[in-house]
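Order of the sequence lines fixes the chain letters, A, B, ..., with proteins taken first and strands second; residue numbering starts at 1 for each chain. All values reported here derive from a predicted model rather than from experimental measurement. Values below: all heavy atoms of this structure, side chains included; hydrogens, waters and symmetry mates excluded.
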Protein chains: 2
Amino acid sequence: MTRLQGRRRAVPVAPLTGSAKAMFRLLAVRGASTRPQLGEVLGLSRPTLSAAIAELEEGGLASKVGELQGALGRKAAVYRPGPNAGHIFAVDAGSTHIRLRVSTIDRRLLHSRTYRLPSSQFFLGEEISRAVADEVAAALTESDPAWGPLQAIGIALPSRVVGPQGDTTATRQEAIFSCFDPPADIPIVLENNVNCAAVAEHSNGIARDHETFAYVQIGFKIGMGIMLDGKLLRGRNGAAGEISHLAFPMANGVRPVPGEIERYMGTEALMQRVAREWPRSAGSPPEDAADLMKRAADGDAAALAHVERHAEDIGAIVASCVSMVDPGLVVLGGGLGADPLILPTVHEVANRLSYPVEVRTSSLGQDATVLGIERLATEHAVNLILGEAKA
Amino acid sequence: MTRLQGRRRAVPVAPLTGSAKAMFRLLAVRGASTRPQLGEVLGLSRPTLSAAIAELEEGGLASKVGELQGALGRKAAVYRPGPNAGHIFAVDAGSTHIRLRVSTIDRRLLHSRTYRLPSSQFFLGEEISRAVADEVAAALTESDPAWGPLQAIGIALPSRVVGPQGDTTATRQEAIFSCFDPPADIPIVLENNVNCAAVAEHSNGIARDHETFAYVQIGFKIGMGIMLDGKLLRGRNGAAGEISHLAFPMANGVRPVPGEIERYMGTEALMQRVAREWPRSAGSPPEDAADLMKRAADGDAAALAHVERHAEDIGAIVASCVSMVDPGLVVLGGGLGADPLILPTVHEVANRLSYPVEVRTSSLGQDATVLGIERLATEHAVNLILGEAKA
DNA sequence: AAAATTTTGTTAGGCTGCCTAACATAATAA
DNA sequence: TTATTATGTTAGGCAGCCTAACAAAATTTT
């Protein structure tokens, strides 16, 4: 997930006490908070709180940004991560768009850019790499010294992302660097885009109240992100959730074909089936998946039948997921998955085939991925600042 | 997983320092150890070590059991969990046998019993419950005061086991108590038998060197246990790894049927297919699965073809597992799964369909399950003794 | 307007749990 | 014997938290 391009941090910080580290972490996730709030959450006494804040202010990692008057009593001081906490770049290197967010460590948006690729890319390749390079370069020129040091660049990739221990031979992830040469000494955080969307559903989306769930993306491609106890499941080779390689077809007398389920479930194959089976009487077949969903929503019987059939197939995939990891909650996303029309059938089929599972529809639109990688990049930056980096 | 039948522990212990707790934990997993060994592993200074051991000896949680002479220098004192650490019962409530082990907290065998059920049970029911009751009662009468207090009874069940948060309506686990009334105030640890086997492969078996892997059991029934970072994945309803509910059949134009894959993959259906397709020229068809495997091992072409075909199906299931959780290692167990004959094909098919995964054959025989629940029961007992119980 | 109440923040001092340094003990090697 | 090496104890220190008491700053009551 992480590619460190240098060990130095822009702002090395004196070793902090445990309470100061915990406080900085909390400031980074909560954003502006009063001292009493921080003390309450951390369970620290007021003297310890004072000491921790003094430590952080000393290192420029926290700043007082105001005061808050409660119903009664003295005003409470409000703090935020300080100037040395710096900022991060979060980039969604998507197949159709490059989305970039520049954010503080507590995820206040400083700047954002979106670039539409001239042509849609099926695989991560040079076009995407070049576009990312351009967007990052452009964002760098607009950087403001007041933002503090750039702590990390997070990039969400439409490819499997292999960790340090994994089998690095079978990955395309390095293609992101074919044209993009990141600034020296800035840590790079790489993560698969579906995993990023899962992270966003957890932190900003419909799965906020669940520490364990699966995010299933159904659209042009299919994928899954698994969150267990608040942590992404990545797997040995970054392949956890790569449901495009579920054994399929799987039945008595047939042999599965690698990657076949993605070819079957993807919108392209779906629309081919729809066109092939479209009744003469129902007029011209739908243009694309969006058209199909719209006609189904309008009550078109032929469209509804196809949507229903696809929802059953999605339900079967969800059932297989439940049978393996039993997440308790499955969030549906992606071009097709996010359509509320399929929810009832997916829920019904999954629960009939397997074990009790709640199914919800994603609420974050196109921003899910970039919000997820933003989260991961800030988490990584916090770990680096606190000297607790994993890799 | 856990059913506490009372809050009191037999031997309440004064609060311990962190180092003392860590030492007790280490003694429980390692068994007899010298002081320098403990200090090395825990990274503690010798004075702290002395203090920790004094604390534990004070509470009867550690005892000096000898001395060990190194190549040079003074003899090192050897310690073990003390008399108040007590012992546990581990019971494998299997479909055909009840296996019981009485062990110290560091898993030295104190006593063991095996009872063969009069008839093989497909489901957890009264027969099993009654047999467990008898075996536990018999073991209780043979208990020795020198064993110290009974800290826990662990029971491995051939059923899904639901945790405190899960949907408790759809479980058969309570059937274990239909005839078995456990001694009052003794904590009960319940776990699914396949999960137990996975635990045993991790602690005593072929997966000793892996913190993350999946254990796939193929025999009369099928099941899976998933170990992630040394911890069992249980899932919201204890259904993680319940691959008997993978969507199957799964192909264009067919609808999956709940539980169908177990009926297809289980030995019963396999042997029916074998009998149906057995060539006249090859003599009488195999008696049972063991006979089939033996003939295949002896080079019988018809038997080999069927074994090969089944191995391909198992490979497909493993591939689906890898596509979801990417464990890096899959251990094959169970009546059919543990046969080394199927290993090459399972490995080949899984790696062709999905991502790189190592496949190994289980080395623990019938004892896997009882060793696994023994491990879980001792872990639970240690947590209780240290006042760090989860539930 | 003064006093009482409530909340926030600081100062003083103490305790736990670890550490290092130095010494004591007990074995083997020279 | 003496030297060397490993083990274990004693003495003393320090980091990181705590409680108790006080100080400061707001609102409510009198």
Separation of [X] atom [atom1] from [N] atom [atom2], in whole Å?
X: B:Ile53; N: D:dG8; atom1: CD1; atom2: P; result: 8 Å
X: B:Leu44; N: D:dG8; atom1: CG; atom2: P; result: 14 Å
X: B:Tyr79; N: D:dT7; atom1: OH; atom2: C1'; result: 11 Å
X: B:Arg74; N: D:dA6; atom1: CZ; atom2: C1'; result: 9 Å
X: A:Leu68; N: D:dA25; atom1: CG; atom2: C1'; result: 14 Å
X: A:Leu49; N: D:dC18; atom1: CG; atom2: P; result: 10 Å

Checking salt bridge (charged side-chain N to carboxylate O under 4.0 Å, His left out) for the pair A:Arg208/A:Glu201: CA distance, chi angles, key distance, verdict?
CA-CA 7 Å; A:Arg208 254 189 304 256; A:Glu201 293 295 346; over 6 Å; no

5′-ward residue of the pair A:Glu67/B:Leu72 relative to DNA chain D:
B:Leu72

Hey, which sits more toward the 5' end of DNA chain D by its nearest nucleotide, A:Glu55 or B:Val78?
B:Val78

Check every strand shown and say whether A:Ala51 touches a base, only sugar-phosphate, or nothing at a heavy-atom separation below 4.0 Å.
nothing

By the 4.0 Å heavy-atom rule, please label B:Gly39 as base, sugar-phosphate, or nothing.
nothing

Boundaries of the DNA chain C segment in contact with chain A, non-hydrogen, under 4.0 Å
C:dT6 to C:dT11

Are any of the side-chain nitrogens in [X] or [Y] under 4.0 Å away from the carboxylate oxygens of its partner?
X: B:Glu211; Y: B:Lys231; value: no
X: A:Glu40; Y: A:Arg35; value: no
X: B:Lys21; Y: B:Glu388; value: yes

With a 4.0 Å cutoff (strictly under), does any side-chain N or O of A:Ser19 reach OP1 or OP2 of D:dG16?
no

Phosphate contact (D:dC17 OP1 or OP2) by A:Thr17 side-chain N/O below 4.0 Å
yes

Assess, by modelled atom type and distance only, whether the side chains of A:Arg107 and A:Asn204 contain a donor and an acceptor separated by less than 3.5 Å.
no

Polar contact flag, side-chain donor to acceptor under 3.5 angstrom, B:Gln37-B:Arg30:
yes

Would you mind reporting whether B:Pro187 and B:Leu384 have side-chain heavy atoms less than 4.5 Å apart?
yes

D:dG8 base / B:Arg46 side chain donor-acceptor hit below 3.5 Å
yes

